[in-house]
Amino acid sequence: MDELIMGRNVGVKKVLESMKDVLALYEDVTGKYRPMLNGERYLTDDETSKALKVSRRTLQEYRNNGVIPYYVLGGKILYRESDLEALLQRCYHPASKSAE
């Protein structure tokens, strides 16, 4: 019985390790969760730079040049997810058909 309670049993150790893995996954998923506000998600400057794979300085240039819309709330920059999707759609260049 002591063996089970103290986690010395191989099976118990495996279960405990699995539980740690599940907890880590749960924390990762919930840490990235952003609830919607009126059906819209808002991303921080850091999240946006990572999503677009550009530096935060580049985002600042986009803001300064009017390339990307944004909100300033309490000194924090927020971007609407739909605005980012629209920006990507405007910048999309489809592949040209190859000559046959």
Side-chain angles (χ1 to χ4, degrees):
M1 180 83 165
D2 257 354
E3 192 175 283
L4 287 176
I5 294 171
M6 300 304 287
R8 287 182 237 158
N9 180 288
V10 175
V12 172
K13 283 183 180 180
K14 286 182 181 180
V15 169
L16 290 174
E17 287 301 316
S18 294
M19 289 174 69
K20 287 180 187 176
D21 293 342
V22 169
L23 179 60
L25 179 61
Y26 171 79
E27 288 173 347
D28 185 48
V29 168
T30 58
K32 294 176 184 172
Y33 174 72
R34 295 286 181 258
M36 288 189 174
L37 179 62
N38 290 331
E40 190 69 59
R41 283 195 175 88
Y42 294 85
L43 302 174
T44 65
D45 203 44
D46 188 50
E47 292 168 327
T48 302
S49 69
K50 287 177 183 173
L52 294 179
K53 298 186 180 4
V54 299
S55 70
R56 293 177 75 185
R57 177 72 179 115
T58 298
L59 282 181
Q60 183 180 353
E61 288 294 320
Y62 289 171
R63 290 192 308 268
N64 293 345
N65 295 326
V67 173
I68 189 169
Y70 63 97
Y71 295 93
V72 180
L73 184 63
K76 190 171 194 169
I77 306 292
L78 297 174
Y79 302 90
R80 225 175 12 191
E81 192 174 56
S82 62
D83 288 337
L84 299 176
E85 290 171 5
L87 171 67
L88 291 174
Q89 286 301 316
R90 287 193 307 271
C91 295
Y92 178 71
H93 296 278
S96 60
K97 293 183 180 180
S98 60
E100 294 181 29

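- Atom-to-atom distance recorded for Ser55:OG and Gln60:CD is 9.5 Å, nearest 0.5 angstrom.
- For the pair Tyr70/Leu59, no side-chain contact is recorded, criterion being any heavy-atom separation below 4.5 Å from C-beta on.
- Tyr42 and Glu47 get closest at one heavy-atom pair: O-OE1, 4.3 Å.
- Atom CZ of residue Arg80 and atom CG of residue Leu87 lie 13.0 Å apart, to the nearest 0.5 angstrom.
- Nearest approach of Lys76 to Thr44, heavy atoms of both residues: CE-CG2, 3.6 Å.
- By the side-chain contact (heavy atoms from CB on, under 4.5 Å) test, Ser18 pairs with no residue at all, sequence neighbours left out.
- A continuous path of ILVMFWY side-chain contacts below 4.5 Å connects Tyr71 to Leu73, so both sit in one hydrophobic cluster.
- By the side-chain contact (heavy atoms from CB on, under 4.5 Å) test, Asn65 is found to be paired with Glu61, Val67, residues two or more places apart in sequence or in another chain being considered.
- Of all non-hydrogen atoms in Ile68 and Arg63, the two that sit nearest each other are CG2-N, 3.8 Å.
- For the pair Glu81 (side chain) and Glu40 (backbone), a donor-acceptor distance under 3.5 Å is absent.
- Using a 4.0 Å cut-off between charged side-chain N and carboxylate O, Glu17 and Lys20 make a salt bridge.
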Check against side chain to side chain donor-acceptor pair (under 3.5 Å), Tyr79 and Asp45: CA-CA 7 Å; Tyr79 302 90; Asp45 203 44; 2.8 Å; yes
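- Side-chain contact between Leu52 and Leu88 is present, with heavy atoms from C-beta onward closer than 4.5 Å.
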